[in-house]
2 protein chains.
Amino acid sequence: MARALLEALRRRDVLADHVRTIADAEAMARIGTYDVLVLDRRLPDGEGLDLVAALRQRRHPVPILVLTALGTVDHRVDGLDSGADDYLAKPFAIEELLARLRALQRRGPALSDRYLSFGNLSVDPRSSEISIAGSLVEFPRREYLVLEALMRRPNRIVTRPNLIEAVYALEDEIGSNALDAHISRIRKKLLMAEATVEIRAVRNIGYLIRTKA
Amino acid sequence: MARALLEALRRRDVLADHVRTIADAEAMARIGTYDVLVLDRRLPDGEGLDLVAALRQRRHPVPILVLTALGTVDHRVDGLDSGADDYLAKPFAIEELLARLRALQRRGPALSDRYLSFGNLSVDPRSSEISIAGSLVEFPRREYLVLEALMRRPNRIVTRPNLIEAVYALEDEIGSNALDAHISRIRKKLLMAEATVEIRAVRNIGYLIRTKA
DNA sequence: CTGCGTGTAATGTAGCTGCAATCTTCGGCT
DNA sequence: AGCCGAAGATTGCAGCTACATTACACGCAG
């Protein structure tokens, strides 16, 4: 399958590389600069959509087309919502695939980043704006960064080191409860704005954001 | 058909406008700012793909999804190659359409050199002219460049390095608050002209332009 | 020469942010 | 169950830093 595709691409003077595993694909995406990534879902070392999600999480801008046998509407919706830009199910016409690749390449790499929303809270990483219950709420920089980091993984624990890294990118900062202080201030604002989410501490590990009981 | 779609979108709090003809669609695209354009092919006054081609010819950046009964592979290829970003044939599942619209909206508009307009401010990169509330306002070169860079990504943060790069293309220019000074002067002019947009600082990162509260 | 554009520097300022002191909560242990 | 220690929560405060603004000087163009 891959071989046939590579051959078709080569015949049209499209340069392409091929790898078999998610791990390799991730490495290639990290190093190389590609116009488009074509991805199957059922791969030797896992589910292709996990790679999509991982790349998007890191804000990797490469356009991604998922090409797979899993073709129900639900499959398609899942694929697109995981961050893929197009989804084509087998069987497919090679000409259509090529046209879709052209469309993706034409459009270029993404500039945008997904709106993060959870409960009645939504975060726009592009403008660093946060709205709660529909109205804009101002957050200072560091508080914003903490909240954004939490919102990138709602319902999941984000470790203290991760949070500190998110806020103090390179700068060194150790030995204080600065992070706790930020959390506290964020909580106060969430309360003020009547957010339906809350930040819970996970002892010895970190924090997570989740919907209020 | 259009009514059903509008209803489905409205139910999900997606704002949408609907027109019946190519002429109207063209007018709307020219005036308004839309995240995505959904287009049928067989329209009362012509072939939808002609509109796609016309918009692309003018470098219109809006993502376009063609939604039509014409669903052969050739139809699809033609649609995509005319400049559309996605092509969905009837019959289709509403959920898939919505997912595809999300994907397009996520990715955002293509870069372009057409009129940049936001709020009551508009910038013509070709002539380097700026109008506020309909009347032309003179900006010196450097101020113009800063404002254009911001207007290329309204509501998004533009980093200081990006801005500096935009203004001082090759020349070396470090160690001063020249950029801040420009921003300040631009702000003064925006105020004078009663612009409905404002420039906000994002601490430690850069600036962004957005509509005034 | 004059006027505008632009970089620099000085100065002002707001409000973020880290800290520490104190209080509260939680989990483990007997 | 109850106690204790440690982790987390909270809050006032003070220093500071990044940004804002203004004035000024230099340079180039008409």
Side-chain angles (χ1 to χ4, degrees), chain A residues 128-130 137-150 157-192 195 197-210 212-213, chain B residues 128-130 136-150 157-192 195 197-210 212:
Chain A
S128 293
E129 280 172 348
I130 294 181
V137 179
E138 294 289 340
F139 280 80
R141 194 69 202 153
R142 304 227 122 118
E143 292 175 25
Y144 168 82
L145 290 171
V146 171
L147 190 48
E148 183 194 307
L150 290 170
I157 300 173
V158 185
T159 64
R160 284 185 99 90
N162 276 169
L163 286 171
I164 289 172
E165 186 188 7
V167 178
Y168 305 94
L170 304 173
E171 319 148 44
D172 53 310
E173 196 279 333
I174 38 170
S176 101
N177 63 347
L179 178 60
D180 305 58
H182 289 307
I183 295 280
S184 177
R185 292 174 189 132
I186 294 170
R187 283 190 177 126
K188 191 180 294 182
K189 291 200 177 73
L190 292 182
L191 216 52
M192 291 283 184
V197 299
E198 64 181 350
I199 299 176
R200 287 184 54 91
V202 181
R203 207 181 167 83
N204 277 322
I205 313 266
Y207 291 91
L208 66 80
I209 193 166
R210 70 175 199 183
K212 223 167 193 169
Chain B
S128 294
E129 279 174 347
I130 293 180
L136 210 63
V137 178
E138 290 291 336
F139 280 81
R141 174 165 220 100
R142 304 232 122 123
E143 292 176 25
Y144 168 80
L145 290 170
V146 171
L147 191 48
E148 183 195 308
L150 290 170
I157 301 173
V158 186
T159 63
R160 284 186 101 89
N162 276 169
L163 286 170
I164 289 171
E165 187 187 7
V167 178
Y168 306 96
L170 305 173
E171 317 148 45
D172 53 311
E173 159 58 32
I174 39 171
S176 103
N177 62 349
L179 179 59
D180 305 58
H182 288 307
I183 294 282
S184 179
R185 291 171 190 135
I186 294 170
R187 282 192 179 125
K188 193 179 292 183
K189 290 200 177 72
L190 292 182
L191 260 187
M192 291 285 184
V197 298
E198 64 182 350
I199 299 177
R200 286 180 55 90
V202 181
R203 203 182 170 88
N204 268 323
I205 312 270
Y207 291 91
L208 65 82
I209 194 166
R210 72 172 196 189
K212 225 167 193 167

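Below, read A as the first sequence line, B as the second, and so on, with proteins coming before strands; counting in each chain starts at 1. Note that the structure is a prediction, hence the values are computed from the model and not measured.
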Output the single nucleotide from [options] whose closest atom is nearest the side chain of [X].
X      : options                : value
A:A201 : D:dT10, D:dG8, C:dG18  : D:dG8
B:R203 : D:dT21, C:dG18, C:dC16 : C:dC16
A:P140 : D:dA9, C:dT8, C:dC16   : C:dC16
A:H182 : C:dC19, C:dT17, D:dT21 : C:dT17
A:R142 : D:dA9, C:dG18, C:dC16  : C:dG18
B:A178 : D:dG8, C:dT8, C:dT6    : C:dT8

Using a 4.0 Å heavy-atom cut-off, does [X] contact any base of the nucleic acid, only the sugar-phosphate backbone, or nothing at all?
X      : value
B:R160 : sugar-phosphate
B:Y144 : nothing
B:R185 : base
B:Y207 : sugar-phosphate

Using heavy atoms to find the nearest nucleotide of DNA chain D for A:I205 and B:V202 separately, return the residue whose nucleotide is more 5′.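 Checking each residue's closest nucleotide, the 5'-ward one belongs to A:I205.
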Over how many whole Å does the gap from [X] atom [atom1] to [N] atom [atom2] extend?
X      : N      : atom1 : atom2 : value
B:I186 : C:dG7  : CD1   : P     : 12 Å
B:M192 : D:dT21 : CE    : C1'   : 14 Å
B:E138 : C:dG3  : CD    : C1'   : 15 Å
A:L179 : D:dA9  : CG    : C1'   : 12 Å
A:F139 : C:dG15 : CZ    : P     : 16 Å
B:R141 : D:dC28 : CZ    : C1'   : 15 Å
A:L163 : D:dA7  : CG    : C1'   : 16 Å
A:K188 : D:dT11 : NZ    : C1'   : 7 Å

Within the modelled atom types, does a donor on one side and an acceptor on the other bring the side chain of A:N177 and the base of D:dT10 under 3.5 Å apart?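 Such a pair exists between side chain and base.
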With a 3.5 Å cut-off and heavy atoms only, can you find an N or O donor on one side and an acceptor on the other between the side chain of B:D180 and the base of D:dT22? no
Side chains of B:R141 and B:S128: do they bring a donor and an acceptor to under 3.5 Å? no
What heavy-atom pair brings B:V197 and B:L190 nearest, and what distance separates the two atoms?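 That would be O-CD1, 4.3 Å.
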If you compare all heavy atoms of B:L136 against all heavy atoms of B:E129, which two are closest, and at what distance to 0.1 Å?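 Here B:L136 and B:E129 meet closest at CD1-CB, 4.0 Å.
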On DNA chain C, check which nucleotide each of B:A181 and A:E143 is closest to and give me the residue with the more 5' one.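 The residue whose closest nucleotide sits nearer the 5' end is B:A181.
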Intermediate values then yes/no, side-chain contact (heavy atoms from CB on, under 4.5 Å), B:F139 and B:R185: CA-CA 10 Å; B:F139 280 81; B:R185 291 171 190 135; over 6 Å; no
Under 4.0 Å between a side-chain N/O of B:R187 and OP1 or OP2 of D:dT21, yes or no? yes
So, OP1 or OP2 of D:dT10: does either fall under 4.0 Å of a side-chain N or O from A:S184?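 The answer is yes; a side-chain N or O of A:S184 sits under 4.0 Å from OP1 or OP2.
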Salt-bridge criterion met for A:E138 and B:R200 (N-O under 4.0 Å): yes
Do A:N162 and A:Y207 have side-chain heavy atoms sitting under 4.5 Å apart?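 Of all side-chain heavy-atom pairs linking A:Y207 with A:N162, none is under 4.5 Å.
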